[in-house]
Structure formats: C-alpha cells, structure tokens
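Scroll down for the structure; my scribbles are underneath it.
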2 protein chains.
Amino acid sequence: MDPQLRAIRQAAREKFLQANAPKPSKAAVADSALPEFLAHLPPERLQQSIGSLLADAPPEPPPKRAKPSPDVVVIPKERTEEIQALLRQPAPKEFRVLSWNIDGLDEVGGAQALMQRCLAVAKEVAIQRPAAVLLQEVIPPALELLASPKVLGGTYEVVVPKDPPLPYYVAILLDKQRLRALEPPSTAAFPGTQMGRQLLSVAAKVLDAEAPPVVIATAHLESTKDHGVERKRQLLQCLRFLRSELGRAVSGGRVGAAMLGGDLNLRDEEVKAVQKELGDGSGLCDAWVACGSPENERWTWDTSANTNIGASFVCKTRFDRLFFLSDWSLSSPKARGMAIASGKAKAKAKAKDLFQKAEAVPCDGWRPTSFALLGKAKVPGLGRFPSDHWGILTSWAWSEAPQAPEPAAAATSAEAKAKGFGLKPSDGEGAIDLD
Amino acid sequence: MDPQLRAIRQAAREKFLQANAPKPSKAAVADSALPEFLAHLPPERLQQSIGSLLADAPPEPPPKRAKPSPDVVVIPKERTEEIQALLRQPAPKEFRVLSWNIDGLDEVGGAQALMQRCLAVAKEVAIQRPAAVLLQEVIPPALELLASPKVLGGTYEVVVPKDPPLPYYVAILLDKQRLRALEPPSTAAFPGTQMGRQLLSVAAKVLDAEAPPVVIATAHLESTKDHGVERKRQLLQCLRFLRSELGRAVSGGRVGAAMLGGDLNLRDEEVKAVQKELGDGSGLCDAWVACGSPENERWTWDTSANTNIGASFVCKTRFDRLFFLSDWSLSSPKARGMAIASGKAKAKAKAKDLFQKAEAVPCDGWRPTSFALLGKAKVPGLGRFPSDHWGILTSWAWSEAPQAPEPAAAATSAEAKAKGFGLKPSDGEGAIDLD
DNA sequence: CCAATGGGG
DNA sequence: CCCCCATTG
Ligand SMILES: [Mg+2]
Ligand SMILES: [Mg+2]
C-alpha cells in the first residue's frame, strides 16, 4: 500500500507548509496539542476517537450500524481482562526486549481494526513480558489504548519522543517492575528526515539484577529504498549515539549496554557502508547475527507470509533489527555477531558455532541469548496480522566477570531454551545475506 | 529521453531471452555476426546502413526525398576532407586523452544525424589529436564511420571489446604515431550488468617519449541512479583492475600509469563508498580533481547547457570521469587529486594550490596537467550537439625522477598553458561536490 | 539520463 | 513498504 507512504509524505509536507505559514489561527494551534499529549502521559482524550470510549466501553455490540462507524470503537472487556490476567503473572526472570512496528498507518478496517491489532500487540507483550518494548508507527489513539491502565499502562511506563513532527512516532515501554528510567528520556531529531523520524532513548536501571544500567533506544529510520542516503545518515547518528552512551556514568553506575532496536528499513549494503564510516572494530553487534542468524527468524517484513498489505508481490526483508554495544560485544572476537554478516560462509558458521556453545565460552557483559519473531498469528475475529511487520523479541543475559562461571547466564540460557526461544540454530547454511 | 534507456533494457532482455532460448535458427544466428564484425576491424558492411555508402558517397544531395530516408546517408566529402587535413598536421607533443560518450543511442534525426554527430566528434579528435580516445555508446554504424580510413581509421587504431552483449559498446582509439598496443586488448565482463556493459583496456607503449607504457581502460558503467549498487561493483572491479595493472611488466617496461576514463555515471557518494572498499591510500586520483577541480570544466552532463535530450528539467552531473594510478598519484600527498574530493574547503584549496604551482613541486611519473570539456558547440547544419555528454580531454606530463628538474614536464605544461587548456584554475570556491 | 509521482504486479 | 514502468517537470 503505497498510499500510506504517500500519506506520510503528504502529511509531512502539510505540516511543513503549516509550520512555515505566516502564523496559524487559534484553531490550527489547537491541532498542535498533540505533542502536549505526548509530553504528559497518562493519556487524555484526543480528536481521534479510539481511546475515548476506552474507560467505559460497554461489552455489548455497537448500538447502530452493523459495521461500527469510525467514531465508535468498542474495546472488548474480555480482551483487556485477558491482558490484565497475563500481566498479573510474575514477570519472567529473563531480560527480554521487543521491538515492533505496529503499523499505525494501516487504516484498513478503520479505528476498530486498529484497536484489535493494538490489543493483539498488547497481548503479546503481556505474554512475553519484555522488560522493554520498542514500538514504531504508533499513532495517538494506539498510544492511548496501549498506555491505558486497562491495557499496558499499569505495568509499563510509556516513554514518547518530544515534539514529534508528525502524528506517528516511536515509543518505549518500560516494565515498571524491572526497569526504572534514570534520566528523562532523550529525543534526537534526524536533521534530514522527510518523514518526521526521531531517535528516542532512555537510560534505565535494571531493578531485579546486579546488572549495570542499559540505554535503550529506538527509531523508525527513513523508509523506502529511495531514501537510502538519508537512512544511512540516520543510522550513523544512532550508532554514534550508542557509542557515546556505552560506559557513560549514570546514577545507577556505568551504562553496560546500549541498544538500538527498531524498524530500521536497512539493507545489508547500507549497514556495511555505515559500519565503514563508523570504523571497524566498533564492536557493533546485530542481535540476530549474534544469535546465530537463525533463518526462521530472519525476515521481519515478508509479503509472502504477512498478508496485511495485500501485496501482489513477494518481498522478504530484514528491516527490523536490534544493534547493540556492550562489554561483551566489544570484547568478543569479531565472529560473534558483528553487524555485518561476513559474506563468507566460514565466518558465519564460526559465529553460529560460537553461539551454540555459548555457555562453554565464558565472557562478561550484556549479550543476547535468543532472537525470535512475534505476531505471526492473525488476530482472531479480524483475519489480519497485528502488523505488516513481525515483532523481534530478543532475550538477554548478563554476567559480571569471565573468571566467575556466571551461573545466571547459564540459567537464563537454559530458561530460554526451555521456552523454545529459538536458541536452536536454524539448519540454513551460511548463505549470503540477500535483503 | 527515457526511450533510450528503456530500449537498452528491452534489448538486454530480448538478448537474454534469445540467448536462453532452445536454439536459434540460422537466421537468428546470422544476427550474431555483430561481435564478429567487432573482432576484426577494419569495418565491414552491416545491416545498419550508415557506413554502407561511406566509401563512395557522392557529395550531391540525396536523390529523392527532401529528408533523406534512414537508409540513405550522405557523408559530405568536405567534412571528411577537413578531418583528413587536420590529421595531416603534426601531432602535438603533448600527451592527451579524450573520453566521450557519443550517444549512439540517440536516434533523433536518424542515421543522417548520427553521421553528422559522429563527424563532429571525429573533427574534435582531429583537432585535439589525443594519443588515446575512449568512446562510449558506440554503435556499429558509428564505429564503421569513425574507423573508416576517410575519417579516423588512417590515423587511429581502433580497439573494441570482445563479444559485446548489446549492439552499443565502448571503443578505444590509439594514435598509431604515438601509441602502440603491446598486447591484445582485454575485455572484462561485468558479471552483474543488465545493460551489456564491459571493461575494455589496452596496454600501450608511448612511441615518441621515454615514458613507461600506460594502460588505458574505458567503461560505460551501469546507468541511472537506481543501479547504483551494480555500478559500485563495476567501479570496484575497474579500480582493482587498474591497481593490478600498474607496475605490471609488459614488453615495453613496467606500466607507469593505469587510467580508466569513461561515462562512469557516478555520484560522489558512490565513489566514496568504493574508495573505502578499496582501502584508503590506494593512491587513486580523479583527473578533474587533480587539475584543481576547475568549476567551468565540471559538469559533463548538463541539461541546462546541452539541449540534445530536450530536457524540461535542469540537471548537472559529473558522470564522465578519468581515474588514474601512477607513480605520481601514489607518491603525491593526499591533497593532490584523490578520487574523493574532500568535503573540506581547506583540503580542496590546498589541492588547487598544489596544482597551480605544479612546476615548482618536483615529482615524478605520469600526471595530468589540464582538464577540459569538449563538444560544447552545436554541429553546424544540425542544430544539436555532438552528444548529450561533453567530452573530457585531459593532458598529461611525465618525468622520470624528482631529483632531475624534468624539463619535459615544464615544456608540456607550458604548452598546455599556451594552448589554453584550462590550466588556469576556476574562480569557484571549494564548494561541496553536489552531483 | 535528473527527481518526484503514480499505477500495477 | 518490494520492483518495474510510465509520465511529468
Ligand atoms: Mg509501515
Ligand atoms: Mg546515453
């Protein structure tokens, strides 16, 4: 659906023109209350309607039309209660991070469908209970829904960017039980964006572990192949940011890991170029690569498996990635999970091998232990997936020092395995990265 | 004119399908006599007609129609005699290299116009008398015309690629008086080309100088922005080839310079990326940069100055470039003319400054002394330029050793200056390369 | 052989 | 949010 992208640009243009206009009327200014809404969660009423019925939505079907009008959205109590029940379960010990572009720009089915898709996302979050959730393409009604106490707002702190140029943006959810923001979140503009993209990050203390604080960042990098040049600039900015964050002294200690997860719209070629710009030996790792490049968890945007956009073409890409820097990524041999998947099958095989016997190789610092795709089931009653992207779920371990046999790491690894988190390597061979 | 590019791809596709077809009939095979024609110059008759009347074209106007039919092309004797007269003049001492995409795919005006444009190119060649001419977008009738003894065939040896996949290709002309091929020319395929592009090169002895042999290469790299990835691969292949050629022992000594000139369709961004791939310190120089980045000689494809394609838009690019490696380029400080124009005005100013007082800075080896655009006048009687590209003319000097005060170099430089070869730097400031 | 846009697969 | 193609400026 190109119209979506067209709409983005159009909205961007309008916004731009509006911003450069002589001076908007009061009415026009009221429109810009949006960023204000974002600045102070919990949610409030917006011109968009989806959240407006949230607090007191009756469980019965919509009063009039067979197809609910776009202004009347029913939030089924069963869904929110189901989510609440899941959230009442104890959080897993394992530290997980989920990144997901929830396709807030998909208008198929209107507000009702958006609500259903959002609840499906929320349910996945409640099931996996990541310590942090990185979202992209969040729009105000979706944010209001997710941030509601009846959905995720009771369990997660919602972090949003300052002054998003367009009414779709990124967000970070922090599990209040396990992460506490150590500073106000930071929003960085991408100076060259034409699509209103930003870099959002937050430094957080890990509450239930001895581990050092982490910096968690997300972005929705400039979309489409045509914008590769700008996208590379954005990635470079992000990665330099990660580098500047790692090791920085914060109130809870020194930052032990800096990660960027998101819909990065990247092609391997572009990553390679940026990596070169950054300098080799940057220690940058790609979580998917570090987890052995599991073929079954590879394609995060796949029109052959995901029917949401109704594509008449087949395209598989790995747009959604999680990059990180940590003591582990810096100290590990190059083979571990460097951002650039070496073209050589041998190097890949070695990396995969290293990953498989990770427990046998002592090393310290934050490191990923598994990588899996999420959201691959259609939303019941909707017949569509939660998003046109799969979510990417990573699990993490931390251990203090190589000389100590880090029992925690072994435990989390074992747990990950027990939960079927894709620890088993795919049987795919070291083929060249194609996307 | 998009049709041209479309035609290229279409022809490529047809060719491909044809090649993969069960087995062509005899008639279809006859079609592939084309490469054979190329393999053995001097020219022969082709299905295309332009050359068929060359040897005995009467100077009178076409017998029937007011507009000559595409099958009847008249080569004005005055034009060829003019060219011959120019060629009878003594060749300049200065070593010059010209590269020009002669737009053989431009069909405006039919065979007659093509002939006129070709003769204009030939006349420029006869005037400047480059030791080597690198041509792109040559098509069979154009080649036949240029290679004819009545045009350039008496003075220049014509080198063409083996088995061009499509009936437009590159060619190298070597002034028989000043260059002698030391080996059979080499043709390298670009494995990923969709447009039938090849790398053609020849090692040649410089007959009238003590200078070491040179390797002269040309290519027409994959066109259009969309094909940047393939184009970068092609450039990398070319530059690695140059590197492998420099210093190679040939029958006349060791190769003292390896140059690649052509319609490289490059954007600075792409050059930068390939340069990184190649490794810094490769010593690669861009002749235009090495000559002080003269602003007036910058844009080789410029729809505001060149009306041939009838563009309703303005676009200035530096598609046509000449890269080289030589003892000079390897030994010179980075500022001299590295392929990547540093974004910093300071570095550029330094490079320009170095160029201006080149005579005062002793250095040895092959080096460019001037850079100028050619073909900027419309063809009389046609009202169009010889090509949609300007030609790029470089002048070169060689000197044996830095300790010797190289009188030869000073002489050639002085001569270049005297001939107004753009030695004077432009007054443009060190602005960032924009194309 | 430019960039931006829109349709179709 | 893929690629190719065609049109427009
Ligand atoms: Mg999207
Ligand atoms: Mg052309």
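Chain A is the first sequence line, chain B the second, and so forth, proteins listed ahead of strands; every chain is numbered from 1. The analysis underlying the following values was restricted to heavy atoms, covering all of them including side chains, and did not include hydrogens, waters or symmetry mates.
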Inset, instruction - Answer with base, sugar-phosphate or nothing: what part of the nucleic acid does B/S312 contact at a heavy-atom distance below 4.0 Å? - result: base
Rounded off to whole Å, could you give me the [atom1]-to-[atom2] distance for the [X] and [N] pair?
X      : N     : atom1 : atom2 : result
A/F319 : D/dC2 : CZ    : C1'   : 7 Å
A/D226 : C/dT5 : CG    : C1'   : 11 Å
A/N265 : D/dC3 : CG    : P     : 12 Å
A/W301 : D/dC3 : CH2   : P     : 9 Å
B/R231 : C/dC2 : CZ    : C1'   : 12 Å
B/E269 : C/dA3 : CD    : P     : 13 Å
B/E230 : D/dC3 : CD    : C1'   : 17 Å
A/E222 : C/dA4 : CD    : C1'   : 15 Å

Inset, instruction - Go through the steps for B/L266 and B/L235 under the test side-chain contact (heavy atoms from CB on, under 4.5 Å), then give the verdict. - result: CA-CA 9 Å; B/L266 287 167; B/L235 179 61; 3.7 Å; yes
Legend entry - Between B/S223 and B/R197, a side-chain donor and acceptor under 3.5 Å: yes
Inset, instruction - Spell out, as yes or no, whether a donor-acceptor pair under 3.5 Å connects the side chain of A/R233 to the backbone of A/G192. - result: no
Inset, instruction - Please check if the side chain of B/T394 supplies one atom and the backbone of B/F371 the other of a donor-acceptor pair under 3.5 Å. - result: no
Legend entry - Nucleotide nearest A/F313 when distance is taken to its side chain, options C/dC2, C/dG9, D/dC3: C/dG9
Legend entry - Presence of B/K316 side-chain N/O under 4.0 Å of C/dC2 phosphate oxygens OP1/OP2: no
Legend entry - Side-chain N or O of B/K225 closer than 4.0 Å to phosphate OP1/OP2 of C/dA3: yes
Inset, instruction - Go through the steps for B/W299 and B/F319 under the test ring pair (Phe, Tyr, Trp, His ring centres under 6.0 Å), then give the verdict. - result: CA-CA 8 Å; B/W299 309 119; B/F319 284 153; 9.9 Å; no
Legend entry - Identified stems (criterion: three or more consecutive Watson-Crick or G-U pairs, under 3.5 Å), DNA chain D: C:2-9 with D:2-9
Legend entry - Passing candidate, side chain to side chain contact (heavy atoms under 4.5 Å, CB included) with A/L221, options A/H227, A/Q136, A/R231, A/E230: A/R231
Legend entry - B/D263 and B/H389, any side-chain heavy atoms less than 4.5 Å apart: yes
